[in-house]
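Data block below; observations after.
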Amino acid sequence: MARLSVLKVRGGDLVCVGGRWREVKGVRSGVRSSGRPLAVLTFKDGPSLRIDAGEELAVRRDGRRRQ
């Protein structure tokens, strides 16, 4: 596991959200109404996540899923 900028997350990565490892389906960029850049992560299961572009997430790239 590593802590990476949300901008380095890519499809197939596992990210820890709310204590659960979730597989990323896709990543796209956007801008908040305040003008701040953000990333939108879509997951294979559950709702998408909007997160400020400068944030870091716990990321796994070894393909093993944990609950």
Side-chain angles (χ1 to χ4, degrees):
M1 179 196 66
R3 292 200 59 85
L4 294 177
S5 164
V6 70
L7 298 175
K8 293 186 178 185
V9 173
R10 59 186 184 220
D13 286 349
L14 300 176
V15 296
C16 188
V17 177
R20 285 188 53 219
W21 290 97
R22 297 177 63 194
E23 187 173 353
V24 176
K25 182 177 178 182
V27 182
R28 61 186 167 90
S29 60
V31 179
R32 293 192 185 277
S33 59
S34 65
R36 293 182 57 141
L38 64 88
V40 180
L41 303 179
T42 54
F43 299 102
K44 292 223 175 196
D45 60 341
S48 59
L49 173 67
R50 292 174 175 253
I51 186 166
D52 286 336
E55 295 293 320
E56 289 187 344
L57 295 171
V59 178
R60 292 177 56 114
R61 288 193 167 150
D62 62 6
R64 286 182 279 150
R65 176 176 259 172
R66 278 201 224 177
Q67 294 294 328

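Excluded from the calculations below are hydrogen atoms, water molecules and symmetry mates; all remaining heavy atoms, backbone and side chain alike, are included. It should be emphasised that the depicted structure is a prediction, and the values quoted were computed from it without experimental measurement.
- A donor-acceptor pair is defined here as one N or O able to donate and one able to accept, closer than 3.5 Å; no such pair exists between the side chain of Arg22 and the backbone of Lys44.
- Evaluated for a side-chain contact (heavy atoms from CB on, under 4.5 Å) with Val27, the options Leu7, Leu41, Val6 yield exactly one hit, Leu41.
- Counting only heavy atoms from C-beta outward, the side chains of Phe43 and Leu49 approach each other to under 4.5 Å.
- Partners of Arg28 by side-chain contact (heavy atoms from CB on, under 4.5 Å), not counting sequence neighbours, listed by chain and number: Val40.
- Residues Trp21 and Leu4 do not share a hydrophobic cluster, defined by chaining ILVMFWY side chains whose heavy atoms lie under 4.5 Å apart.
- Applying the side chain to side chain donor-acceptor pair (under 3.5 Å) test to Arg36 and every residue at least two apart in sequence or in another chain returns nothing.
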| said: Using side chain to side chain contact (heavy atoms under 4.5 Å, CB included), reason through Val9 and Val15 one step at a time and then give a plain yes or no. | reply: CA-CA 8 Å; Val9 173; Val15 296; 4.1 Å; yes

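- Among residues two or more places apart in sequence or in another chain, the salt bridge (charged side-chain N to carboxylate O under 4.0 Å, His left out) test is passed with Arg32 by Asp52.
- The closest side-chain heavy-atom distance from Arg61 to Arg10 is below 4.5 Å.
- Put simply, CG on Leu57 and SG on Cys16 are 9.0 Å apart, with the number rounded to the nearest 0.5 Å.
- Across every non-hydrogen atom of Ser5 and Ala53, the tightest pair is OG-O, 3.8 Å.
- Between Val59 and Leu14, every side-chain heavy-atom pair lies at or beyond the 4.5 Å cut-off.
- Every residue two or more places apart in sequence or in another chain that forms a salt bridge (charged side-chain N to carboxylate O under 4.0 Å, His left out) with Glu56 is listed here: Arg3.
- With respect to the salt-bridge test (charged N to carboxylate O, under 4.0 angstrom), the residues Asp13 and Lys25 do not qualify.
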